Amino acid sequence: MATLHIDGQAYQVSLGDNLLKTALALGLDLPYFCWHPALGSVGSCRQCAVLQYHNAEDSKGRLVMACMTPVSDGLRIGLQAAEAQQFRSDILELLMTNHPHDCPVCEEGGECHLQDMTVLTGHTSRRFRSLKRSHQNQYLGPFINHEMNRCIACYRCVRFYNDYAGGDDLHVLGIHNNVYFGRHEPGVLENEFSGNLVEVCPTGVFTDKTLSQHYTRKWDLQAAPSICMHCSLGCNTSPGERYGQLRRIVNRYHGEVNGYFLCDRGRFGYDFVNSSQRITTALIKQQAQSDPEIITKHWRKLCVDQKIIGIASSRASLEANYALQQLVGQDNFYQGLGLQELSLIKQVLALLKKPPATIATLKQVESADAVIILGEDITNTAPRLALAVRQALRNESFTLAKTLQLARWLDAAVREAAQNQHSPLIIASCHSTRLDGVASEVVSGNPETIARFAFALAHRLHGKSPSVSDLTPEQQLQVERVAKVLSKAQRPLVISGTGSHSSEVLAAAANLIKALPASHKMMSLVVPDANSIGVGLFDGSSFIEAKQRMDKGDIHTVVVLENDLYRHGEHAEISDWLDSVKHLVVIDHSLNPTAERAELLLPSASFAETEGTLLSSEGRAQRFFAVMPLSDQVKHNWRWLALAAADNWQQFDQLSLACYQAIAELEPALAMTPNAAYRVHGMKIPRQPHRYSGRTAVTADIHVSEEQQPQDLNSALDFSMEGSLGHRPPALNPGVWAPSWNSNQAVNKFQDESGDHLRGGDPGVRLFDKVYKGRWHPPAKPLPHREPSELVIQPLHHIFGSEELSNGASAIKQRSPDLYVALNPAQAQDLGMRDNDPVALHSRYAQYHLPLKILPGLCTGILGLPVGLPGMPVIEGGTTVKLHRLNNGEAGND
Amino acid sequence: MNSFKLCIDLILSQFQTLGTVLQHTFTKADTVEYPEQQVALFPRYRGRIVLTRDPDGLERCVACNLCAVACPVDCIALQKSEDQEGRWYPDFFRINFSRCIMCGFCEEACPTYAIQLTPDFEMCEYDRQSMVYEKEDLLIDGTGKYHDYNFYRIAGKSIAGKGKGEAENEAPPIDVKTLLP
């Protein structure tokens with residue numbers, strides 16, 4: 001601790017940070033542009049100038065940049081000193097000389113850091129009379145708008161995009177005050193994190209194109225704390241709604257999970273909520289039915305019979321799945337996953353329940369000093385994790401900086417000193433990945449080879465780990481090299497997951513984690529969906545196995561909860577399965593092939609209209625809340641399930657409590673989030689900002705008298721602008737705003753003294769914190785012999801296209817690839833096939849006709865099959881298939 | 001003595017007041033025989049709100065939402081849209097005049113002189129629903145009180161017919177590929 005004097009007042013602060021961060025953490029307002037809490041200091045914008053006094057007698061002081069000044073004991077600072085204020089105001093005036101007269105037609109207006117800082121420094125009227133420089137804009141893809149005139153050249157965009165996120169297609173072009181931030185030519189920004197530019201840019205150069213299409217100012221967005229639905233990491237988001245439409249998603253800071261950044265799938269995948277594919281009315285035998293009594297009667301009639309089974313959903317909340325289990329009974333509860341998917345999830349869950357190493361939060365991932373990724377394409381299956389891994393690779397440079405006595409937040413200096421030095425990253429994958437460029441070692445091979453490599457590595461690190469024998473000399477050398485790196489590491493991290501559809505890879509990863517000698521070892525296992533882990537806590541076998549019971553006539557009604565079964569098996573197989581269902585009830589929010597076959601289709605709420613708990617891949621239980629009220633006939637999924645029988649849960653809290661009590665693992669989550677009775681100063685927490693506009697005009701066209709605001713009995717939040725503006729628990733904070741801070745940078749007013757965590761604790765509860773010894777998994781079976789014509793299916797994941805819900809968003813659709821199957825160039829040549837050739841793929845059930853894509857970097861013997869693209873056959877990874885080139889005349893899919 | 005004088009003063013004052021009142025009986029009345037006789041209103045009288053057009057005859061409103069947020073009774077609702085030319089415009093623009101208090105904050109907040117209050121207060125309706133004005137009821141053909149202002153001539157955003165560097169006080173666009181100083 002040190003004493004810091006600011007404007008004559010003494011503060012007790014901790015050493016190690018820069019003055020700007022410390023001042024902000026103390027709650028003081030100090031303007032800045034080029035500094036960003038996650039990007040560090042470069043001291044280029046000169047906006048955070050303060051006076052530093054030599055001693056108590058010194059009244060003159062000298063100007064220093066707060067972001068470049070380390071906090072030291074006895075430091076005396078004049079933040080409000082007249083000279084400092086004048087300097088900051090002058091700097092801002094200079095920055096504004098070229099800024100266009102655009103605010104009314106700028107998407108950033110109302111949440112613009114530049115606007116905030118201009119007001120904060122007191123610069124009000126323009127004195128500069130010369131010409132403003134202007135720039136041409138570029139097309140940057142379906143996510144981001146470009147308006148270069150607004151640039152103040154703070155360099156934050158390129159520092160984020162290139163240095164932090166590893167992008168290589170955004171540059172600084174031109175010289176002196178003509179610098180231009182853009183691509184070498186107009187085109188789609190390729191990096192998976194480009195959406196963060198919207199929040200990183202302090203003004204409106206990069207804005208959210210999807211928001212612009214249905215634009216609403218921040219003060220008009222009704223928001224609620226939510227969790228991203230598009231992968232298993234559980235990033236915290238703050239979606240905003242206006243006029244019954246979900247308008248955008250912005251990052252909601254979480255100190256342990258997503259920090260300041262989201263991936264583009266999470267940020268732009270929300271539009272499915274507004275899609276025309278949404279189910280808005282109940283359908284009985286394909287006929288729309290609006291009478292709630294008839295619907296309930298029909299629904300109850302189908303349930304009254306005891307011959308009913310339920311199929312769970314890994315994209316619905318824990319509570320909804322629990323409600324389903326209560327409706328159908330434990331024995332009739334099936335997982336909505338294929339056999340292989342389920343066994344992989346069970347394998348991951350077994351590792352999570354008794355983890356052989358700390359299950360890393362994303363923040364902890366960033367602290368790893370060596371990372372090994374086994375068979376998981378994290379950039380595409382859990383993108384935010386890939387961003388965290390990129391930060392972990394900087395630890396080498398921080399170690400170096402320490403020896404050079406450089407503070408780690410001196411961004412430019414640390415990067416300059418480290419040059420291209422990275423902490424070790426070992427990637428074992430059957431295809432090239434986006435992280436290959438920063439990897440120190442790439443192990444290329446099919447999942448069997450990867451598993452063998454990891455088993456051998458584990459054996460090399462720990463004698464008791466079972467060994468494998470059939471390794472080539474090169475592989476043995478590679479094992480030796482990697483073993484050396486990993487045994488030196490103090491905080492090694494093993495990343496694996498279900499992405500390669502291989503239980504051997506997971507078993508090998510488990511052995512490797514156990515074998516690592518470090519005491520602070522970590523692991524991170526990726527699963528497909530937002531609640532894959534949560535639904536795994538329920539007992540139940542794969543729905544495929546219910547077929548026998550159906551064929552025997554044991555089952556009359558099948559209730560499918562928010563699940564497209566066609567995504568879990570081959571089309572013919574699932575159709576056959578569904579054919580044997582007598583009465584199919586589907587509860588879902590968007591139309592899909594399964595929903596289209598339902599006898600009774602019940603419209604449920606999307607994540608933006610309902611609430612629930614999700615369990616992320618790190619075993620963190622987190623609540624998400626409804627952003628907007630339910631529309632007409634749509635009900636919460638759990639309400640539909642409650643209605644079918646005893647109607648026992650009128651309020652969400654009752655269900656939530658029952659669910660947490662029923663599942664032993666969820667016990668710590670009981671105290672997680674304040675319940676619906678929670679009040680701040682006796683009032684609920686408003687979802688709408690206090691400047692929400694138009695409440696007496698929004699519905700005036702329908703009826704001039706305003707209706708009562710919709711009541712929310714399920715949470716402590718209210719669909720209103722009235723309520724407490726006082727301090728809310730972080731788990732209930734819809735979004736950040738503070739006086740003078742309208743942009744998302746206001747988050748500094750919600751963080752604790754360290755500036756790293758939210759005041760009141762980061763939301764969510766981790767369920768699996770205790771580390772166990774674990775057991776050794778038996779090694780893989782010897783490699784099977786395969787004919788050269790036989791190919792093994794390998795799932796290929798795409799950040800845009802592989803996830804079900806985000807596929808309903810138009811911006812994401814524009815970025816998803818067309819259907820294809822992929823072969824390695826050499827193998828394609830052997831088979832006499834060329835790029836774009838039509839090929840036929842023979843599986844157990846059918847023959848599929850698809851275009852071939854030659855994919856350099858793919859292993860031989862593998863047929864890459866993109867996952868989840870609409871219309872793509874679903875075949876389990878590891879399945880052996882045959883492929884032949886289609887001649888002219890052969891056409892059409894079977 | 002003093003209290004006697006005060007008494008006299010007070011009595012005289014009463015007569016003076018009566019006299020003044022009597023005098024007003026013969027002066028011209030300030031009130032007018034409305035509606036037979038119309039009231040003279042000044043151009044800046046705050047009455048019925050209109051949306052104006054710029055000197056080129058195009059909609060001035062850019063749907064920035066500042067009027068809506070400035071409105072103390074929240075009686076303005078609108079939605080931004082963008083046309084082929086790159087101009088922002090309100091897809092719908094609604095004022096609930098049954099709530100409006102004619103305070104003029106919206107006009108003060110408007111950065112494009114689009115929304116203006118006019119000297120017209122004759123807005124009585126039997127049905128309150130008729131007090132809800134949509135864009136077609138609000139939009140007039142003229143420029144209102146401010147004749148010359150055209151926001152897009154000054155803004156940096158390019159629209160059809162006005163590219164980058166063609167706004168007032170703007171230099172031609174930078175060629176980023178040149179290295180000349």
Side-chain angles (χ1 to χ4, degrees), chain A residues 98-107 109-110 126 128-137 147-150 171-182 184 204 212-217 219-220 242-243 245 689 691-706 721, chain B residues 61-71 73-82 86-88 91-92 94-96 98-100 110-112 127-134 151-152 154-159 163-181:
Chain A
N98 288 318
H99 197 73
H101 184 67
D102 257 7
C103 297
V105 289
C106 174
E107 288 89 344
R126 184 181 174 81
F128 184 68
R129 290 281 169 259
S130 195
L131 296 182
K132 291 179 182 181
R133 64 115 178 78
S134 68
H135 280 296
Q136 299 288 0
N137 299 330
E147 189 63 51
M148 244 323 279
N149 278 2
R150 298 169 188 158
H171 308 283
V172 198
L173 310 164
I175 53 167
H176 55 84
N177 65 340
N178 291 348
V179 287
Y180 184 89
F181 297 84
H184 63 291
S212 186
Q213 280 151 13
H214 39 220
Y215 184 66
T216 305
R217 298 254 177 235
W219 64 64
D220 278 343
R242 176 85 172 169
Y243 301 134
Q245 244 191 344
R691 293 195 298 210
Y692 195 79
S693 78
R695 69 181 278 185
T696 67
V698 169
T699 57
D701 56 331
I702 303 160
H703 203 277
V704 68
S705 349
E706 296 92 42
M721 58 198 283
Chain B
C61 177
V62 296
C64 72
N65 279 283
L66 283 178
C67 51
V69 75
C71 179
V73 290
D74 285 346
C75 74
I76 306 177
L78 67 151
Q79 172 58 50
K80 174 249 170 185
S81 194
E82 201 167 329
R87 288 167 171 269
W88 284 26
D91 187 34
F92 72 84
R94 185 179 306 131
I95 299 181
N96 179 356
S98 75
R99 289 286 186 192
C100 179
C110 183
T112 67
D127 181 8
R128 199 180 146 206
Q129 187 67 45
S130 310
M131 299 290 278
V132 179
Y133 279 40
E134 296 291 338
F151 171 75
Y152 279 110
I154 295 162
K157 199 174 164 69
S158 56
I159 51 165
K164 291 287 172 198
E166 291 172 12
E168 275 174 30
N169 231 12
E170 259 188 1
I174 301 291
D175 175 9
V176 290
K177 288 177 182 159
T178 178
L179 286 175
L180 294 173

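Just the heavy atoms: all of them, side chains too, but no hydrogens, waters or symmetry mates, feed the values below. Owing to the predicted nature of the structure, the values given are computational and were not obtained by experimental measurement. So that the names make sense, note that chain A is the first sequence line, chain B the second, and so on, each numbered from 1.
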So what's closer than 4.5 Å to chain B heavy atoms on [X]: side chain, backbone, both or neither?
X	result
A/Asn178	both
A/Glu147	side chain
A/Ser212	both
A/Gln245	neither

Examine whether an atom of [X] lies under 4.5 Å from a heavy atom of chain A, and if so say whether it belongs to the side chain, the backbone or both; otherwise answer neither.
X	result
B/Ile76	backbone
B/Arg94	both
B/Leu78	backbone
B/Glu134	side chain
B/Glu82	side chain
B/Cys75	both
B/Val73	backbone

Greatest number of heavy atom pairs closer than 4.5 Å to chain B - which of [options]:
options	value
A/Cys103, A/Gly110, A/Ala700	A/Ala700
A/Ala697, A/Gly182, A/Gly174	A/Ala697
A/Val105, A/Leu173, A/Thr216	A/Val105

Side chain proximity check, B/Lys157 to B/Val62, heavy atoms < 4.5 angstrom: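 The answer is no; the side chains never approach within 4.5 Å.
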
Validation row: B/Glu166, A/Ser134 side chains within 4.5 angstrom (heavy atoms): no

Results of side-chain hydrogen bond (donor to acceptor under 3.5 Å, both in side chains) for A/His184 - residues two or more places apart only: none

May I have the list of side-chain donor-acceptor pairs in residues 172-181 of chain B shorter than 3.5 Å, sequence neighbours left out?
| unit_1 | atom_1 | unit_2 | atom_2 | d |
| --- | --- | --- | --- | --- |
| B/Asp175 | OD1 | B/Lys177 | N | 3.0 |
| B/Thr178 | OG1 | B/Leu180 | N | 3.2 |

Lys/Arg cation over aromatic A/Tyr692: A/Arg242, 6.0 Å, 45° cone: yes

Between B/Gln129, B/Glu170, B/Lys80, the one whose heavy-atom pairs under 4.5 Å with chain A are most numerous: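 Answer, by heavy-atom pair count under 4.5 Å with chain A: B/Gln129.
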
